[in-house]
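One structure is given here, and the rest of the page talks about it.
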Amino acid sequence: MQRLSSLFGRTLREDPADATIASHRLMVRGAFIRPLGAGIFSYLPLGWRTLRRIEQVVREEMDAVGCQELLMPVVHPSTLWERTGRFASLGPELVRFKDRAERNMVLALTHEEIALDLAARLVGSYRQLPVSVYHFQTKFRDEPRPRGGLLRTREFTMKDAYTFDPSPESLDATYRQFVTAYVRAFRRCGIEPLVVESDAGAMGGSDADEFHALTSAGEDTIVVCPTGDYGANQEVATTQPPEPDDAEPLPMEKVETPGQETIAAVAGYLGIPTQRTLKAVFYWTGEQIAFVAIRGDLDVNEAKLRRALRAPDIRLAADQELTAAGLVPGYASPVGLDEVLVVVDRSVECAANLVAGANMPGAHLVNVNFPRDFNADLVEDIADVAAGDPCPRCGTALELRTGIEIGNTFKFGAYYSGKLNATYLSEGGSPQPIVMGSYGIGITRLAAAIVELHHDEDGIIWPASVAPYNVHVVQLGQADEVTQAAERLAQDLEAAGLSVLVDDRDESAGVKFNDADLLGIPIRCTVSRRTVRADAVEIKMRHQDPREQVASAEAVARVVAEHDALLAALSPDAPVGLLPVETAAMANSHDPLKGT
RNA sequence: CGGGGCGUGGCGCAGCCAGGUAGCGCGCAUCGUUCGGGACGAUGAGGUCGGAGGUUCAAAUCCUCUCGCCCCGACCA
C-alpha cells in the first residue's frame with residue numbers, strides 16, 4: 001500500500017497557469033506529471049503507475065493476437081534510415097546527432113527500419129510467417145508545437161507493433177486482427193474509439209486507419225456519416241461530386257468591381273451567392289506556384305492538394321511571389337494563364353457561369369466556364385468536406401467531429417522491404433519481399449484522452465482498468481483506533497488482490513476528500529471515529545454521489561464486488577468495424593466542455 | 001516559422017505605465033485550539049524579480065539583446 005503522507009508528489013490547490021485543457025490541468029494538479037520543457041514531462045509515481053496500467057491493457061490485447069513483446073533501442077545509427085531514404089526526407093522532427101566517432105545517429109521517432117531489419121535477419125522462410133512484434137518505447141519527435149500537456153509532446157511513450165506477412169492477402173487478415181485488438185484495448189480503457197480512414201501517407205502506405213477519442217480537446221477533424229457507414233479524417237474525407245450545373249454557358253464579360261478583393265465582398269457587390277464565384281488560392285510547392293481554382297464557398301484541403309501535386313511541402317504563396325508571377329492578389333484569374341500550374345477542384349468542373357478575377361485590379365469576369373475559358377493541369381477533389389455534404393456511400397448529410405488520434409494502423413506492403421532488401425524464401429524457393437504492417441498507440445496521449453473523457457469539475461474519474469490504485473482509503477483523524485482500522489482495512493483489501501492508496505495525512509476532512517476527488521481513484525473508503533464506532537466502513541464510488549456505510553465484516557467483499565462490476569462494465573466485446581455515430585455521440589456527451 | 005501573451009519565494013498573483021527598503025493569498029515549518037467537504041490563532045523560514053548588457057546617484061520598473069514557457073496559426077505516420 002502507498003501512504004499519501006509519503007507519496008512523492010504534491011497536489012496543487014490551484015490550476016497551473018499554463019494548462020488550458022482539462023487533462024493537462026488535472027494531471028499536473030493531481031501530481032501525475034510535471035513539465036520539464038516544452039513537450040517534455042516527468043511522470044511522477046501516480047502518473048507512472050497509470051501509464052503502466054494502460055500499457056498492461058494494451059499488452060494483453062497484443063499478446064492475445066500472438067504479437068510478441070520485445071524492446072528496440074531509442075538511439076539508432078543512421079544507416080538503416082539512410083537506406084529507406086528517411087534520414088534525408090524527414091524534417092527537423094527527426095533528431096540527428098553524431099557520436100564520438102562522428103557517426104550519424106538519430107533518436108527513434110518510430111521503428112519501422114529497426115523492426116524490419118530484425119525481421120529480415122531472423123526470418124528466412126515462409127514457414128516463419130506471419131509473425132509480429134511490439135514494444136513500448138520512448139519516441140522523440142521534435143514537434144514544431146507541442147501542446148495540451150500530454151496531448152502532443154516531443155518525448156512520449158508509444159506502443160508500436162510491426163507485422164510481417166508472406167502476402168498482401170495474409171496482411172489483410174493480420175490487419176483486421178490488429179484493428180479488432182485496438183478497439184478492444186481502447187474500450188477496456190474506457191474509450192469508445194471511432195475508427196476512420198486516414199491518410200496512408202506519402203511514404204508508400206496503401207491503407208491506413210485512425211482511432212479517435214471524440215472530444216473537443218482534440219486536434220483532428222473527423223468526417224462521419226450518421227448512419228455509421230462512413231468515417232474519415234478530414235485529410236482524406238470525400239463527399240459525393242457536386243451535381244453538374246447544366247445552365248447554358250453565357251458569354252464571358254468583364255465587370256468593374258473596385259475594391260472588392262474577397263469572395264464575400266465580390267459576391268455581395270454583385271448580389272450572387274458565393275457558390276457562383278471561383279476562388280483562387282495560391283500555393284508554393286517548393287519549385288513553383290500552384291494556382292488552385294475552387295468554388296467560392298469551399299475551402300482547399302491542403303492534404304488533398306499535397307497528394308494531388310505530389311508535393312510534400314506546400315505552403316500558401318506570399319504576395320510578392322504572386323506579383324512576381326504576374327498575378328494580381330484579390331483579382332487573380334486562371335483565365336489567360338499559361339505559365340502557371342493550374343489545379344482545378346471538381347466543384348469548378350461541375351459549375352457554370354462563375355465569377356472570377358480579371359487579373360487586373362478592380363475588375364472581375366462573369367460567366368467563366370471551365371474548360372471553355374481556361375485550362376487545367378490537374379482536375380481533382382481538393383476541397384474540404386463540410387458539415388451537411390452528402391455521404392459518399394449513402395448520401396446522408398455528413399457531420400464533423402473533433403477527435404484525439406489515439407492510435408493508427410498502416411499497411412505498408414513491400415514498400416520498406418524493397419528498400420531494405422527484406423525477403424523470405426517462398427514455398428517455391430524464390431525470395432519474396434516481406435509484407436509489412438505498422439500499428440501505433442500513443443500511450444501517454446491515450447492517458448490524456450482518457451482524462452478528457454473521464455473527469456468532472458472536481459477531478460479525474462479513472463476507469464477502473466487504468467486507475468493508479470484500485471481503492472483510496474481516507475482516514476479521518478489521527479486517533480489510534482482510526483489509524484488501526486484504516487491500516488487493517490488497507491491490508492485486507494490488498495489481501496483480496498486490490499491495490500490501495502491510504503490517505504493517512506494529518507489533514508482536514510475537506511482537504512482529503514477534495515484530493516480524493518482530484519486523484520480520481522474509482523472507489524473511496526472512509527474510516528473515521530464515526531465509522532469505527534459503528535464497526536463499519538463508508539464506501540463511495542468516484543463516479544456517483546451516494547455514500548454508504550457497510551459493516552466492517554462485509555466491507556472488503558463489497559469493495560471487491562464493486563471493483564469487479566466496474567471492470568465488467570469496461571467490456572471489449574461489442575461488434576467491431578466502423579462504429580455507429582451513436583457511440584460517438586455518447587462519447588461526446590461525457591465531455592463537460594461541451595455540456596450535455 | 002508567422003501572430004499574440006507571459007517570465008517576481010513551491011503554486012497562483014500584485015508591484016512596472018509615472019525608477020527610490022520586494023509585497024499579497026495559498027502552501028511549507030513550529031506551537032496551541034480544531035477535526036466528515038479546501039479550519040483558526042501565534043511565530044517563522046523561503047525571492048541574484050529568467051539571463052546579459054546599457055541608461056541613471058539609484059532599475060523588478062526605462063532601453064537593447066537574449067533564453068524560456070503558454071496560446072492561435074503553419075507544420076504533423
Side-chain angles (χ1 to χ4, degrees), chain A residues 9-21 24-25 28-29 31 34-40 84 86 89-94 109-113 139 141-149 151-154 156 158 160 162 198-210 219-220 233 235-236 283-284 302-303 306 312-316 318 405 407-412 415-416 436-442 445 458-459 474-479 482 503 505-518 524 526-532 534 538 540 545 547 549:
Chain A
R10 54 156 62 154
T11 57
L12 304 178
R13 293 202 174 189
E14 292 178 88
D15 287 335
D18 54 5
T20 53
I21 68 167
H24 186 193
R25 215 162 31 84
V28 172
R29 269 192 66 197
R34 286 300 270 237
L36 179 62
I40 303 176
T84 59
R86 295 164 112 184
S89 68
L90 283 167
E93 64 270 20
L94 177 66
L109 52 64
T110 178
H111 281 80
E112 276 83 17
E113 278 84 353
K139 301 287 188 282
R141 297 181 183 178
D142 196 357
E143 291 282 347
R145 186 153 100 78
R147 60 173 294 257
L151 222 50
R152 182 168 213 85
T153 55
R154 294 196 291 171
F156 59 98
M158 186 178 215
D160 39 327
Y162 304 93
S198 74
D199 189 350
M203 296 296 283
S206 65
D207 213 343
D209 291 284
E210 288 176 349
E219 314 184 84
D220 289 340
N233 190 303
E235 293 178 352
V236 296
Y283 286 87
W284 178 251
E302 292 191 12
R306 198 172 292 125
D313 292 317
I314 60 169
R315 60 166 172 81
L316 283 170
E405 183 189 346
N408 53 31
T409 52
F410 290 90
K411 290 182 190 171
F412 280 122
Y415 178 79
Y416 286 112
M436 184 178 185
S438 165
Y439 315 78
I441 292 178
R445 179 184 282 180
D458 297 321
V474 175
Q475 165 193 338
L476 296 183
Q478 301 293 307
V482 175
D503 192 349
R505 298 173 301 170
D506 186 10
E507 290 286 353
S508 71
V511 168
K512 293 187 167 195
F513 287 143
N514 279 308
D515 273 347
D517 288 344
L518 175 62
R524 185 183 87 189
T526 304
V527 176
S528 66
R529 189 164 290 177
R530 187 195 292 174
T531 65
V532 168
E538 179 189 279
K540 178 185 177 298
D545 286 332
R547 293 175 286 185
Q549 287 228 352

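So that the names make sense, note that chain A is the first sequence line, chain B the second, and so on, each numbered from 1.
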Within the side chain of A:Glu112, is there an N or O that forms a donor-acceptor pair under 3.5 Å with the backbone of A:Gly437? no
Counterpart base for B:rA18, defined by Watson-Crick or G-U wobble contacts under 3.5 Å: none
Would one find a side-chain N or O of A:Thr526 under 4.0 angstrom from OP1 or OP2 of B:rG36? no
Rounded distance in Å between the P positions of B:rA22 and B:rG50: 15 Å
Might you point out which heavy atoms bring A:Gly39 and A:Pro146 nearest each other, and give the distance in Å? CA-CB, 3.6 Å
Distance-only donor-acceptor test, A:Tyr416 side-chain atoms vs B:rA77 base atoms, 3.5 Å: yes
So, does A:Arg445 use its side chain to make a donor-acceptor pair with the main chain of A:Leu151 at under 3.5 Å? yes
Distances under 3.5 Å between nitrogen or oxygen atoms of protein and nucleotides 25-28 of chain B:
residue : atom : partner : partner atom : Å
B:rG25  : N2   : A:Glu14 : OE2          : 3.1
B:rG27  : OP1  : A:Arg13 : NH1          : 3.3

Just to be sure I understand the rule, does A:Thr531 reach a base, reach only the sugar-phosphate, or reach nothing, if contact means heavy atoms closer than 4.0 Å? base
If I take atom CG in residue A:Asp545 and atom P in nucleotide B:rG37, what distance separates them, rounded to the nearest angstrom? 15 Å
Show me the protein contacts with nucleotides 72-75 of chain B, counting only N or O atoms at under 3.5 Å.
residue : atom : partner  : partner atom : Å
B:rC72  : OP2  : A:Arg145 : NH1          : 3.1
B:rC72  : OP2  : A:Arg145 : NH2          : 2.7
B:rG73  : N7   : A:Arg145 : NE           : 3.4
B:rC75  : OP1  : A:Glu302 : OE1          : 2.4
B:rC75  : OP1  : A:Arg306 : NH2          : 3.4

What does B:rC6 pair with, Watson-Crick or G-U, if both distances are under 3.5 Å? B:rG68
Under the rule for salt bridge (charged side-chain N to carboxylate O under 4.0 Å, His left out), what residues qualify as partners of A:Asp15, not counting sequence neighbours? A:Arg25, A:Arg29
Reckon A:Pro146 touches a base, only the sugar-phosphate, or nothing at all at heavy-atom distances under 4.0 Å? sugar-phosphate
For A:Glu113, check salt bridge (charged side-chain N to carboxylate O under 4.0 Å, His left out) against everything at least two apart and list the hits. A:Arg86
Name the pairing partner of B:rG23, where a pair is Watson-Crick or G-U wobble with both distances under 3.5 Å, or state none. B:rC13
With a non-hydrogen cut-off below 4.0 angstrom, is A:Gly148 in contact with a base, only sugar-phosphate, or nothing? sugar-phosphate
According to the Watson-Crick and G-U wobble definitions, with both distances under 3.5 Å, which nucleotide is paired to B:rU55? none
Does a sphere of radius 6.0 Å around CZ in A:Arg529 hold more than 12 heavy atoms from other residues, nucleotides or ligands, not counting ones at 6.0 Å or beyond? no
Give one of base, sugar-phosphate or nothing for A:Asn408, where a contact means two heavy atoms less than 4.0 Å apart. nothing
Side chain of A:Arg547: nearest nucleotide among B:rA77, B:rG37, B:rG38? B:rG37
Side chain of A:Phe513: nearest nucleotide among B:rG36, B:rC11, B:rA77? B:rG36
Taking the nucleotide of RNA chain B with the closest heavy atom to each, which residue, A:Gly37 or A:Thr11, is nearer the 5' end? A:Thr11
Mate of B:rG73 where both pairing distances stay under 3.5 Å, Watson-Crick or G-U: B:rC1
What distance, rounded to whole Å, do you find between the two C1' atoms, one in B:rC62 and one in B:rA45? 34 Å
Quick check for you: among B:rA77, B:rG38, B:rC11, whose closest atom lies nearest to any side-chain atom of A:Asp515? B:rG38
Counting Watson-Crick and G-U wobble pairs only, both distances under 3.5 Å, name the nucleotide matched with B:rG41, or none. B:rC31
Counting any heavy atom closer than 4.0 Å, what does A:Thr110 reach on the DNA or RNA strands: base, sugar-phosphate only, or nothing? nothing
Most 5' of A:Ala17 and A:Ser438 on RNA chain B, judged by nearest nucleotide: A:Ala17
Under a 3.5 Å distance rule, please check whether A:Lys512 uses its side chain to pair with a backbone N or O of A:Arg505 as donor and acceptor. yes
Rounded P spacing from B:rG10 to B:rC71 in Å: 23 Å
Kindly indicate whether the side chain of A:Asp517 and the base of B:rG37 share any N or O donor-acceptor pair separated by less than 3.5 Å? yes
Compare every heavy atom of A:Asp199 with every heavy atom of A:Phe410, then report the nearest pair and how far apart it is. CE2-O, 3.8 Å
Under the rule for salt bridge (charged side-chain N to carboxylate O under 4.0 Å, His left out), what residues qualify as partners of A:Glu235, not counting sequence neighbours? none
Rounding to an integer number of angstrom, what distance separates B:rU43 and B:rC63 when you compare their C1' atoms? 44 Å
So if I take every side-chain heavy atom of A:Phe410 and compare against B:rA77, B:rC11, B:rG36, which nucleotide ends up nearest? B:rA77
Checking N1-N3 plus N6-O4 or O6-N4 for Watson-Crick, or N1-O2 and O6-N3 for wobble, each under 3.5 Å, the partner of B:rG47 is none
A:Thr531: partners by side chain to side chain donor-acceptor pair (under 3.5 Å), with sequence neighbours left out: none
Using atom P in both nucleotides, what's the gap between B:rG9 and B:rA42 to the nearest angstrom? 26 Å
